[in-house]
Structures are given as C-alpha cells and as structure tokens.
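Letters A, B, ... are given to chains in the order of the sequence lines, protein chains preceding strands, and every chain is numbered from 1. Computation of the quantities below employed the complete heavy-atom set of this structure, encompassing side-chain atoms and omitting hydrogens, waters and symmetry-equivalent molecules. Every value quoted in this text rests on a predicted model; they were computed, and no experiment measured them.
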Number of protein chains: 2
Amino acid sequence: MVHGNPSRPRLGDVAVAAGVSTATVSLVLRGVAGPSVATAQRVLAAAEQLGYRPDRAASALASRRSRTIGVALDLSNPFHADLTLAIQDAALRQGHEVLLATVTARQDENATAETLLDSRCAALILLGPRGPVPELERIGRQVPVVALGRPLISEQVGVVRSADDTGIALAVRHLVDLGHRRIAYVDGPPGEVADIRRDGYRRAMADAGSSRWTRVVPGGQTEDDGRAAAPAVLRASGRSVPTAVVAFNDRCAVGLLAACAEAGVGAPADLSVVGFDDSALARLPQIGLTTVAQDVRSLGEHAVAAAVRRASGDGEIGPEVVVPPHLVVRSTTAPPGR
Amino acid sequence: MVHGNPSRPRLGDVAVAAGVSTATVSLVLRGVAGPSVATAQRVLAAAEQLGYRPDRAASALASRRSRTIGVALDLSNPFHADLTLAIQDAALRQGHEVLLATVTARQDENATAETLLDSRCAALILLGPRGPVPELERIGRQVPVVALGRPLISEQVGVVRSADDTGIALAVRHLVDLGHRRIAYVDGPPGEVADIRRDGYRRAMADAGSSRWTRVVPGGQTEDDGRAAAPAVLRASGRSVPTAVVAFNDRCAVGLLAACAEAGVGAPADLSVVGFDDSALARLPQIGLTTVAQDVRSLGEHAVAAAVRRASGDGEIGPEVVVPPHLVVRSTTAPPGR
DNA sequence: TTGAAAGCGCTAACAT
DNA sequence: ATGTTAGCGCTTTCAA
C-alpha cells in the first residue's frame with residue numbers, strides 16, 4: 001500500500017513531545033503504576049495533542065497478547081446479529097475490542113477461526129459452532145475459546161448457553177395452559193442443541209401428562225427447513241393432527257408458518273406455533289411469533305467475561321454458564337379451535 | 001494471556017526444517033520470484049508439515065501493509081448482512097481476508113473505523129456511512145476508504161453504489177403500468193441517499209405524466225419509521241388518498257405495511273407497496289414485498305476491487321461505480337382496487 | 001539463488 | 001521514577 005498514510009504518530013513521537021522515554025510513555029498509556037502524576041499528565045497531553053493511537057499489531061507482537069476478542073458468526077442468521085451486538089457492547093464496557101468474521105459457504109468455521117487467530121485475537125467466541133468437537137478443541141488449544149449456545153463438555157472450550165430444555169418446557173407449558181394436547185415438535189439440525197431441545201420437548205410433554213401424544217418432525221435451522229416440515233406436521237387426519245407446534249427456532253417456525261398458510265392452515269386459528277430465539281424475525285408485526293426468548297444481553301456479558309477470564313488465565317476457568325430463557329407471547333398462539 | 005498457546009510454528013522453524021534462511025522462506029511463501037523450484041518445494045513441504053501460518057500482525061508490522069479489508073457495518077440492518085456476505089466472498093476470491101466491526105449505539109461510525117484501523121487493515125469498506133463527509137475524509141486520509149451505497153464526491157473516498165434514482169423509477173413505472181396514478185413516497189433519513197431516491201421519485205412521476213399528484217411523506221430507515229409514516233400516508237379522504245406507495249427501503253416498507261394492516265388497509269388490495277434493497281426481510285413469504293433489488297454480488301465485487309486498487313496504489317483510482325438495480329415483483333403490488 | 005542484518009512500533013526486563 | 005536495551009515474527013535491502 002503505497003497509499004498516503006501520513007504515518008500516524010508513534011510512541012516515539014509522543015515520547016519526544018513529552019520529553020520522556022518511550023518506555024515511560026508506554027507505561028503511562030497502559031495505566032501501569034510507576035510514572036509520577038506530573039509526567040503522566042505531560043504524556044497524556046502530548047498523546048492527545050498528536051492524536052496518538054497505539055498500533056495494536058505492534059503491541060500484540062511485543063506483548064504476546066491483545067485486548068481484541070474475535071467473534072465467529074453466521075451473518076445469515078438474524079439471531080447472531082443480536083448476539084453479536086450484545087457481545088460488542090459487553091466487550092466495550094469491559095475495555096476490549098471486537099473483531100468479527102463470518103462463516104460462509106466458502107469460508108467454513110475453521111477458516112473463520114483461523115482468520116481471527118491470524119489477527120492475534122486474545123480469545124474467540126464462536127456463535128453456535130457446528131463443527132466436530134475435536135476440531136473445536138484443536139482451536140481451543142491455540143487460543144481461549146468460548147462456544148456460545150452449544151452445550152459440550154471439554155476442558156479446552158468454555159461454554160455459555162441458554163437453558164434450552166427449560167425454554168422448550170416454557171413453550172409446551174404455555175400451549176398446554178391454552179388447552180392444547182396434541183403438540184408436535186419440529187426438530188433442528190443434528191447436534192447437541194437439537195438433542196437438548198428435543199429431549200426438553202419429550203420431558204415437558206411427559207410432565208404435562210401428554211406423553212401418549214408426541215410427534216417429532218424432522219426440520220432444521222432455516223426457513224426452508226421449516227417450510228419442508230409442513231407436510232409432515234399437517235399429515236394424518238382427524239384427531240391425530242396436532243393443534244400446536246413448537247419449532248427448533250424462529251427461522252424454522254417462520255418457514256413452517258408460511259407453508260401452513262399456503263396450505264390454508266392459519267395461525268393461531270388452526271394451528272398454534274412457537275419459535276425459539278426471539279430474533280428480529282419474531283418481532284416483526286407481520287410475524288408476531290410467540291417464542292422462547294434467549295437473554296441475549298446476559299449471554300453476551302457472560303461470553304465476554306468467560307473469554308476474558310480464560311485469556312488472562314487468572315481465576316478459575318469455571319463451569320459452563322447456563323442462562324434462563326423466558327417466553328414471549330405474541331400472536332401465533334391461542335386456544336385450540338373447535 | 002498466560003494461556004497455553006503452544007507457540008505455533010514461526011518462520012524460523014520452517015527455515016530450519018527446510019535448511020534455508022528465513023529470508024528465503026519469506027520469499028517462497030509470498031510467491032516472490034527468486035528461489036529455485038527445488039528450494040521452493042522443500043520450503044513449502046516444511047511449512048505444510050509444520051502447519052505454519054504466517055503471523056499477520058508481524059507481517060503487517062514489517063511490511064507496512066496488509067491483505068486484510070475492514071468492513072464497518074450495522075448488524076441491525078439485514079441488508080448489511082447480505083452485502084457483507086458478498087464482500088467476504090469477493091475478498092476471499094481476490095485473496096484478501098475480511099474483518100468486520102459493527103456500529104452500535106455505543107460505538108459510532110468513527111470508533112468502528114478506528115477499531116478496524118488499529119488492526120492495520122489495508123483498506124476500509126464502509127456500508128452506508130452516515131457521518132459527515134469531512135469525517136469520512138479524515139479517515140480516508142489515513143487509509144483507503146470505499147463508501148458503499150452513499151453517493152458523495154471526494155478525492156479521499158471511493159464510492160460504489162446502486163443507481164438509486166433508476167431503482168425508484170423502476171418501482172414507479174411498475175406501479176404506473178399496473179394502473180396507479182396516486183403514488184406516494186415515504187422518505188428516508190436525511191442524507192444523499194434519501195435525496196437521490198426522493199428526486200428519482202419526483203422525476204419518475206413527472207415522466208409518467210403524473211406530476212400533478214405527488215406526495216412525499218417523512219419516514220426513515222427502520223421499521224418504526226415506516227410505521228410512524230402510515231397515518232400521513234393514509235390521511236386525507238376521497239380521491240386524494242394514494243393507491244400505492246414506494247418506501248425508502250424494505251424495513252421502512254415493512255413497518256408501513258404493518259401499520260396499514262392494523263388500520264384495516266390491506267396490501268395489495270387497498271394499497272400497493274414497494275420497498276428497496278430486496279433484503280432477507282422482503283423475501284420472507286409472510287412479507288413477499290415487491291422491491292427494488294440491489295445487485296449485492298456486483299456491489300461487493302466492485303467495493304472490494306476498488307478497495308484493493310486504492311490500497312495497492314496502482315492504476316487509476318477511478319470514478320464512482322454505479323450498479324444498476326432491478327425490480328423484484330412479489331405480492332404487495334397489484335392494480336388499484338375499485 | 002541465497003543469506004545476513006537491520007528494522008517495523010511496541011513491550012518488558014533490567015539498570016540507573 | 002525513568003531510561004536502556006533487547007527482542008516479538010516478519011520483510012527487505014544489500015552482499016555474497
């Protein structure tokens with residue numbers, strides 16, 4: 001880059017301006033005890049006046065650490081946007097910067113993590129990582145890693161997640177309270193998250209005394225998956241058709257809703273539908289999806305805290321953090337018709 | 001970070017393994033001519049075998065440049081997600097990495113750009129930057145900057161954008177063809193983009209011979225803004241009520257649609273609505289918004305190309321790139337009722 | 001074709 | 001309380 005970066009001021013420039021050594025400037029700027037108040041003020045003034053900004057790359061190189069937290073997300077997932085915003089906020093409040101990298105068809109989870117690694121992030125937060133555990137552990141051996149939203153047991157990887165089973169139970173209980181008995185569940189993509197939610201569904205149904213009627217329909221995590229699940233949900237006749245459905249997540253629920261509407265099955269008149277995440281999607285007036293809301297703020301806060309704790313190596317690494325979700329009732333649920 | 005980063009292999013390690021100097025390894029790995037094919041192969045093999053990955057920070061520090069493109073986006077804007085995905089793809093194809101940073105309530109455009117700058121990005125792509133031009137130029141003096149989606153004239157800032165006026169004209173023409181005459185426009189937030197789209201609306205109306213009836217209603221760029229615009233759109237009685245509306249963007253259109261529906265005004269039966277962007281929002285079956293689609297792929301490609309060109313300093317910087325949009329007709333437009 | 005050596009901008013002992 | 005002096009991992013002249 002021949003580009004005209006009029007070489008921004010460096011530590012040395014500040015040192016000269018303040019009439020001290022670079023070491024002193026470094027100490028002052030990092031708030032390390034030592035320099036006298038007088039020099040500190042001179043240095044601060046000089047830095048301010050020159051518009052000095054430390055070079056993270058150089059700093060990271062020299063100190064073998066950084067205050068940058070890398071986040072790997074899937075931009076096509078609206079819920080990830082919410083999570084990331086929360087993480088960014090929490091990180092800023094805790095004095096850290098955030099760098100994002102997105103998973104795409106061309107750049108898988110691994111490559112995304114590597115990109116972040118190459119930029120010397122102090123720690124990585126992976127949103128809903130789907131790759132094999134050994135893979136995650138491999139990354140975890142190179143840098144502190146926190147998996148957000150995926151339950152897994154590993155020394156190498158920190159975990160922050162919502163209580164998915166509780167969340168599904170809230171949804172089922174809500175439907176049961178409305179009078180529903182035949183409540184189906186549209187499954188998610190293979191993985192621990194789907195396992196927990198599915199189990200949560202089965203247990204909640206059993207707890208509600210409705211264990212005789214359960215139905216798990218194959219689904220997925222995108223709108224298309226939800227759409228594809230519709231026939232299986234609506235199939236069968238008479239009393240065997242569900243009056244309500246809990247979907248793996250909001251996107252899935254939205255696809256399901258669309259397909260049902262096309263089939264002449266309206267929500268909540270003919271079918272109650274509950275989603276999971278409370279993403280921006282669910283909040284759209286046109287959708288108005290009753291859904292299990294994950295506490296995004298708390299998840300972000302804990303994820304950053306865990307990442308920082310692991311990165312600084314002090315204190316206990318601590319067990320996984322499980323955040324309770326809550327139900328948000330909107331307009332896709334109602335008492336069963338007839 | 002005391003963390004157990006088992007110090008990944010360094011250039012020196014590869015050099016030792018291959019029995020050459022670090023200088024040679026550096027040359028080979030960067031594909032610089034010089035080393036013989038034989039040494040090159042040995043080096044490549046050694047690097048591969050050790051799982052060597054260059055340290056971007058060190059590399060950037062030493063070479064005073066990087067192959068990382070920083071993108072500043074607003075995660076709460078679904079269209080930005082689409083754009084970013086396209087940019088990521090294009091960058092990868094052109095051999096560059098992408099780092100993202102999001103604008104939030106706490107971290108404004110400026111701070112976001114600085115974060116990216118601190119990580120030594122070779123260039124910045126700002127998605128729909130809203131800050132004052134001098135501000136952008138200040139950043140542009142420090143690093144090559146490309147503004148995506150905002151028309152502005154400046155030596156310091158490259159511009160890649162859609163032909164917004166043409167886009168609006170497509171929308172108006174579509175409505176006119178359907179038989180609409182009273183077509184209103186819901187404005188966007190203050191700025192060049194809104195100016196161009198508004199002018200496009202006025203011109204298109206004039207071209208359609210409908211210049212006598214025009215109406216520009218204050219709006220904005222979020223769902224709430226669209227929602228707030230509804231009363232003004234629906235106000236007035238008799239023949240003075242519009243039969244169709246073009247909104248500044250999809251989010252605005254979606255909010256407007258919701259408010260209209262609540263007021264008993266259905267689309268497209270009572271009112272046709274056209275959005276702008278063709279974001280994921282518009283594609284939702286529940287929304288099915290007729291909208292002006294920006295060519296995301298092309299915009300991303302050009303933005304990256306412009307950023308790289310500016311960063312490498314070779315070739316002409318070139319004028320702004322304007323990409324033609326096209327109309328996507330879905331289900332919120334139809335001939336006027338009655 | 002290859003290697004030696006001097007930095008890039010910063011941090012971190014170790015001196016003073 | 002402050003300065004000196006090595007590096008961090010890489011690139012890049014300049015010599016060989």
Undergrad: With a 3.5 Å distance limit and no angle check, can you tell me whether A:Arg53 reaches the backbone of B:Asp118 through a side-chain donor-acceptor pair?
TA: no
Undergrad: Which of residues 30-43 of chain B sit near DNA chain C, with a heavy atom under 4.0 Å from it?
TA: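 Nucleic-acid contacts, sorted: B:Gly34, B:Pro35, B:Ser36, B:Thr39.
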Undergrad: Taking A:Arg42 for the side chain and A:Ala18 for the main chain, is one N or O donor matched with an acceptor at less than 3.5 Å?
TA: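 Looks like yes, one N/O pair under 3.5 Å.
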Undergrad: Strictly distance-based, threshold 3.5 Å: is any side-chain N or O of A:Glu109 a donor or acceptor partner for the main-chain N or O of A:Arg130?
TA: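 Between the backbone of A:Arg130 and the side chain of A:Glu109 there is a qualifying donor-acceptor contact (under 3.5 Å).
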Undergrad: What integer distance in Å separates A:Arg8:CZ from C:dG9:P?
TA: 11 Å
Undergrad: Over all heavy atoms of both residues, which pair between B:Ile87 and B:Leu127 is shortest? Give the atoms and the distance, please.
TA: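 Closest pair (atom of B:Ile87, atom of B:Leu127, distance): CD1-CD2, 3.8 Å.
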Undergrad: Looking only at the side chains, is there a donor atom on one of B:Thr102 and A:Gln88 sitting less than 3.5 Å from an acceptor on the other?
TA: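 Not at all, the side chains of B:Thr102 and A:Gln88 share no donor-acceptor pair under 3.5 Å.
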Undergrad: Hey, is the side chain of B:Arg64 poking within less than 4.0 Å of OP1 or OP2 on C:dC8, counting only N and O atoms?
TA: no
Undergrad: What is the distance, rounded to the nearest whole Å, between atom CG of B:Leu11 and atom P of C:dA6?
TA: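 Result: 19 Å.
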Undergrad: Have A:Thr112 and A:Thr115 got a donor and an acceptor in their side chains that come within less than 3.5 Å?
TA: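 Note: A:Thr112 and A:Thr115 side chains miss the donor-acceptor criterion.
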Undergrad: Measure from CG on A:Leu29 to C1' on C:dG9 and round the result to the nearest Å.
TA: 13 Å
Undergrad: Compare all side-chain heavy atoms of A:Ile139 with those of A:Leu124 and state whether any distance is below 4.5 angstrom.
TA: yes
Undergrad: Are OP1 or OP2 of C:dG3 and a side-chain N or O of B:Ser21 less than 4.0 angstrom apart?
TA: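 Affirmative; the distance criterion is met.
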Undergrad: Does a side chain donor of either A:Glu137 or A:Ser154 reach within less than 3.5 Å of an acceptor in the other side chain?
TA: yes
Undergrad: Which whole-number value in Å describes the distance from B:Leu27 CG to D:dC10 P?
TA: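 Atom-to-atom, B:Leu27 to D:dC10, this comes out as 14 Å.
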Undergrad: For the pair made of CG in A:Asp13 and P in C:dG9, what is the distance, rounded to whole Å?
TA: 9 Å
Undergrad: May I ask you to verify if any side-chain N or O of A:Ser26 is less than 4.0 angstrom from the OP1 or OP2 atom of C:dC10?
TA: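 Negative; the distance criterion is not met.
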Undergrad: Could you tell me whether the side chain of A:Ser66 and the main chain of A:Arg120 form a donor-acceptor pair under 3.5 Å?
TA: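 Looks like yes, one N/O pair under 3.5 Å.
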Undergrad: Among D:dT2, D:dG9, C:dA12, find the nucleotide with the atom closest to the side chain of A:Arg120.
TA: D:dG9
Undergrad: Which parts of residues 47-63 of chain A get close to DNA chain C, meaning a heavy atom less than 4.0 angstrom away?
TA: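 Nucleic-acid contacts, sorted: A:Tyr52, A:Pro54, A:Asp55, A:Ala58, A:Ser59, A:Ala62, A:Ser63.
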